[in-house]
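The structure appears right after this line, and notes come after that.
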Amino acid sequence: MTRVVVVGNGMVGSRFVEDLLAADTAGRFTVTVLGAEACEPYNRVLLSEVLAGRYGLGSLTLPTPQDPRLDVRLGTAAVAIDRGDRSVLDTDGMRHRYDRLVLATGAAARIPPLRGLGPDAATLPRGVHPLRTIDDAREIVAATLNARRAVVLGAGVLGLEAACGLAERGVHVTVVHPAPALMERQLDGDASRAVEAAMGSLGIDHRVGVGAEEVVLADGALTGVRLADGEVLAAQLLVLATGTVAATALAAEAGLATDRGVLVTDVLSCPADRRIHAIGDCAQPPEGGSGLVAQGWDQARRLAALLSGAAPAVTTGDATGSDVVRLKANGLDVVSMGVCGSQRPDDRAHRRLRLSDPDAGRHVEVVVSGGVVVGATCVGDAAVGADLVATYTRRTPVPADPAYLLLPALPTGQPTTAASPADLPDSATVCRCNSVTKGAVAAQWEHGCRTVEEVAAATRATTGCGGCTQEVCDLLTWLGGRTEASQNVPMEGEMRFTPGKHTIHSAETSAS
């Protein structure tokens with residue numbers, strides 16, 4: 001038997017375990033998982049949805065396989081790796097010997113160096129919370145019961161989602177972001193101004209281009225946040241959305257090379273010890289870490305295939321679509337992909353076209369090269385954004401005049417994407433987080449899946465960021481209509497689908 005020890009029981013670590021056990025048809029592996037958190041694994045991507053009240057905390061739970069080959073130890077952290085003995089020491093003093101060690105330790109919330117804050121999350125004053133764990137989300141929700149005003153520090157994806165969630169709970173929110181643009185990794189100045197306009201319509205204030213320098217306290221509790229320009233924002237709640245720091249201490253203490261993360265090769269092994277692997281937020285592969293769950297899940301699939309011998313140990317080919325970023329916030333329609341953001345390269349081969357009306361909260365830009373879309377940004381138009389995602393991920397050839405990409409259809413133009421699921425090839429990707437194709441969903445329909453929950457359980461579609469829920473609903477409606485046409489019978493009940501009825505969170509309890 002091959003002994004595999006997995007350190008970390010989050011979204012990526014638990015996915016790797018599930019993939020490895022599924023691939024191990026010969027029963028060659030035993031797996032021990034050390035999970036520092038005392039709860040079952042959960043979908044961390046949807047924590048901001050908990051703040052908005054659209055999900056209960058229990059709805060985020062991901063199932064753990066029930067398998068005699070698997071030993072999961074919740075609330076048990078790894079404290080040291082003995083590479084000579086090939087063992088891991090845990091907080092209970094037990095040693096777990098391994099033939100293969102997988103580090104999936106993730107990342108911790110970054111605590112900014114503000115006056116009045118302690119050095120880590122354990123020393124934060126009352127009213128100040130990061131948003132990284134399920135406990136963080138629980139504490140923030142509780143704090144909203146008494147907080148009238150909140151400040152969200154950091155306007156990346158998580159910060160804006162958190163701000164919208166707090167606003168939906170009736171809290172007055174101000175977003176503070178030191179960079180010159182919101183979500184600067186995905187948006188430039190014009191796109192940022194469009195988002196700012198949309199935030200204003202939601203009652204969310206903002207301070208862009210100015211940072212915070214001090215938390216103001218009274219009797220150990222937060223009363224305000226002082227900005228670098230001297231302004232003091234009154235607040236009873238401060239949410240820190242200032243990035244993450246990869247959890248590399250365990251690897252570094254064992255003599256493994258680390259930088260921003262644990263350095264790994266293209267086959268996800270540590271150069272100094274090929275028996276040790278790192279995946280997810282703690283890993284730094286040659287192509288760099290994106291911070292998106294799709295990359296971590298792809299690494300989990302690849303490593304499981306490598307260890308089980310199910311596939312060659314090479315990096316997956318076309319990763320187009322794994323870098324699509326979609327904001328999950330009611331009232332803010334923002335999606336970006338590929339070449340975008342304030343720091344995008346100045347490449348003469350890239351042709352940029354844009355339609356920008358920041359005052360109206362709308363901005364659309366596409367970047368074309370080699371006859372296909374290599375990047376796009378869309379603010380304020382969900383339909384256009386969906387079309388651009390489809391065009392980008394499917395590498396659809398652009399029209400002779402790429403300006404037609406800026407709108408789904410112009411009076412004399414052509415739609416940028418197929419109007420019906422019937423026009424999509426079976427190979428078209430529906431769920432980008434889990435690489436689920438139209439053909440895979442259709443196959444499960446043939447096997448009796450009739451709801452989003454059933455499709456999620458069978459394929460994992462919709463269980464990542466949740467951005468594909470509408471596409472899955474549309475596909476199920478089309479499949480139902482096709483069945484109706486062939487049988488010439490009325491379509492009733494569960495044969496029609498709406499995202500309002502079939503929500504993602506119920507699927508999270510039945511699929512990982």
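Heavy-atom basis, side chains included; hydrogens, waters and symmetry copies ignored. Predicted model only: the values in this text are computed from it and were never measured.
- The closest side-chain heavy-atom distance from V102 to V5 is not below 4.5 Å.
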### Stepwise side chain to side chain contact (heavy atoms under 4.5 Å, CB included) check, D381 with H363
CA-CA 8 Å; D381 197 316; H363 176 93; over 6 Å; no
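- With a 6.0 Å radius and a threshold of 12 heavy atoms from other residues, nucleotides or ligands, R185 has its CZ atom at or below the threshold.
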#### Entry: Test side chain to side chain contact (heavy atoms under 4.5 Å, CB included) applied to I279 and R302, step by step
CA-CA 10 Å; I279 56 177; R302 289 165 48 203; over 6 Å; no
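- Under a 4.0 Å N-O distance rule, the pair D273/R275 does not qualify as a salt bridge.
- Taking CG of D281 as the reference point, atom OG1 of T105 lies at 9.0 Å (rounded to 0.5 Å).
- In summary, R352 and D347 do not engage in a salt bridge, as defined by a charged side-chain N under 4.0 Å from a carboxylate O.
- In this structure, Q299 contributes its side chain and P285 its backbone to no donor-acceptor pair below 3.5 Å.
- Within the 4.5 Å cutoff, the side chain of Q186 has heavy atoms near those of the V157 side chain.
- Classification of R138 and D136 as a salt-bridged pair fails, no side-chain N sitting under 4.0 Å from a carboxylate O.
- Side-chain contact between V325 and V335: absent, with no pair of heavy atoms (C-beta onward) separated by less than 4.5 Å.
- For the residue pair H350/S369, the side-chain donor-acceptor check at 3.5 Å is not satisfied.
- Side-chain atoms of T248 never come within 3.5 Å of backbone atoms of A251 as a donor-acceptor pair (strictly under, hydrogens ignored).
- Scanning both residues, L388 and L405, for their nearest heavy atoms gives CD2-O, 3.6 Å.
- Two residues are said to be in side-chain contact when any heavy atoms from C-beta on lie closer than 4.5 Å; R100 and L307 meet this criterion.
- Of the possible polar contacts, one joining the E454 side chain to the T451 backbone as a donor-acceptor pair under 3.5 Å is found.
- Remark: side-chain polar atoms of D259 are not paired, donor with acceptor, to backbone N or O of G261 under 3.5 angstrom.
- Side-chain contact between V372 and T396 is absent, with no heavy-atom pair separated by less than 4.5 Å.
- Side-chain contact, D323 with Y392: a donor N or O sits under 3.5 Å from an acceptor N or O.
- Atom CG of L74 is separated from atom CG of N9 by 6.0 Å, given to the nearest 0.5 angstrom.
- Atom OG1 of T30 is separated from atom CG of D24 by 9.5 Å, given to the nearest 0.5 angstrom.
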### Task
Kindly indicate, with the supporting measurements, whether the criterion side chain to side chain contact (heavy atoms under 4.5 Å, CB included) is fulfilled by V364 and V379.
CA-CA 6 Å; V364 185; V379 177; over 6 Å; no
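- A heavy-atom distance below 4.5 Å is found between the side chains of L46 and K328.
- Of the possible donor and acceptor atoms, one in the side chain of R132 sits under 3.5 Å from a partner among the backbone N and O of A107.
- Under the 3.5 Å distance criterion, with hydrogens and angles disregarded, a donor-acceptor pair is assigned to the side chains of E184 and H177.
- Taking a cutoff of 4.0 Å between a charged side-chain nitrogen and a carboxylate oxygen, E18 and R460 qualify as a salt bridge.
- In terms of heavy-atom proximity, L187 sits nearest to L182 at CB-O, 3.5 Å.
- Side-chain N or O atoms of W478 include none that pairs as donor or acceptor with a backbone N or O of C473 at under 3.5 Å.
- Looking at T265 and R274, their side chains come closer than 4.5 Å, going by heavy atoms from C-beta outward.
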### Task
Start with the C-alpha gap between E161 and S48, add the side-chain angles, then the distance that decides, and say whether side-chain hydrogen bond (donor to acceptor under 3.5 Å, both in side chains) holds.
CA-CA 6 Å; E161 290 178 351; S48 59; 2.9 Å; yes
### Steps toward side chain to side chain contact (heavy atoms under 4.5 Å, CB included) verdict (C39, I134)
CA-CA 9 Å; C39 59; I134 202 165; 4.2 Å; yes
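- A distance of 7.5 Å separates CZ in F16 from NE2 in H277, rounded to the nearest 0.5 Å.
- For the 3.5 Å distance criterion, the side chains of E40 and T61 fail to qualify, holding no donor opposite an acceptor.
- Neither side chain, Q444 nor T459, offers a donor N or O lying under 3.5 Å from an acceptor on the other.
- The minimum heavy-atom distance between N330 and L202, with the atom names listed, is O-CD1, 3.8 Å.
- R326 CZ to C378 SG: the interatomic distance, rounded to the nearest 0.5 Å, is 10.0 Å.
- For the pair V6 and T32, the minimum side-chain heavy-atom distance is 4.5 Å or more.
- Residues A137 and L51 come closest through the heavy atom pair O-CD2, 4.0 Å.
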### Worked check of side-chain hydrogen bond (donor to acceptor under 3.5 Å, both in side chains) between E365 and T377
CA-CA 5 Å; E365 179 178 275; T377 304; 4.8 Å; no
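- For the atom pair L475 CG and C431 SG, the distance stands at 12.0 Å (nearest 0.5 Å).
- For the residue pair S14 and L62, the shortest heavy atom distance occurs at OG-CD1, 4.5 Å.
- A salt bridge links D188 and R354; the closest N-O separation between the charged side-chain nitrogens and carboxylate oxygens is under 4.0 Å.
- Salt bridge status for E471 with K438: absent, with no side-chain N to carboxylate O gap under 4.0 Å.
- In this structure, D99 pairs ionically with R3, as a charged nitrogen and a carboxylate oxygen lie closer than 4.0 Å.
- Residues A278 and C282 come closest through the heavy atom pair CB-SG, 4.3 Å.
- Judged by distance alone, with hydrogens and angles left aside, the side-chain atoms of S308 form a donor-acceptor pair with the main-chain N or O of A304 at under 3.5 Å.
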